[in-house]
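Okay, structure first, notes after.
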Amino acid sequence: MRKTSFNSFEEIDTELKVLKLQKNINKELIRFNVNKAKSSVAPKNLLGGAGGMVQKAVLSFVINKILKKIRR
């Protein structure tokens with residue numbers, strides 16, 4: 001925190017208003033980041049990455065079965 005000397009009560013009030021606004025901005029940023037974190041940890045998003053791996057595994061399995069039948 002910075003040390004400031006004030007020359008009037010108006011300067012003190014102005015500084016308090018600025019600090020209050022900064023506090024509100026920081027609260028909103030925290031809320032935003034919490035909501036963003038919640039949505040990124042949602043089950044559908046967690047399975048989204050695994051879903052691509054499952055699709056690749058199933059696709060490669062099906063292709064291998066088809067190729068085996070063709071080779072016979």
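These numbers come from the heavy atoms of this one structure, side chains and all, not from hydrogens, waters or symmetry mates.
If you chain together ILVMFWY residues whose side-chain heavy atoms come under 4.5 Å of each other, Ile12 ends up grouped with Phe6, Phe9, Leu16. Clustering of Ile, Leu, Val, Met, Phe, Trp and Tyr side chains at separations under 4.5 Å places Leu29 together with Ile25.
With sequence neighbours excluded, no residue satisfies side chain to side chain contact (heavy atoms under 4.5 Å, CB included) with Ser60. Under the rule for a side chain to side chain contact (heavy atoms under 4.5 Å, CB included), the partners of Leu67 that lie at least two apart in sequence or sit in another chain are Ile63, Arg71. With sequence neighbours left out, the side chain to side chain contact (heavy atoms under 4.5 Å, CB included) criterion links Ile66 to Val62, Ile70.
The list of salt bridge (Lys or Arg N to Asp or Glu O under 4.0 Å) pairs with a residue in residues 19-31, not counting sequence neighbours, reads Glu28-Arg31.
Rounded to the nearest 0.5 angstrom, Asn24 CG and Leu19 CG are separated by 11.0 Å.
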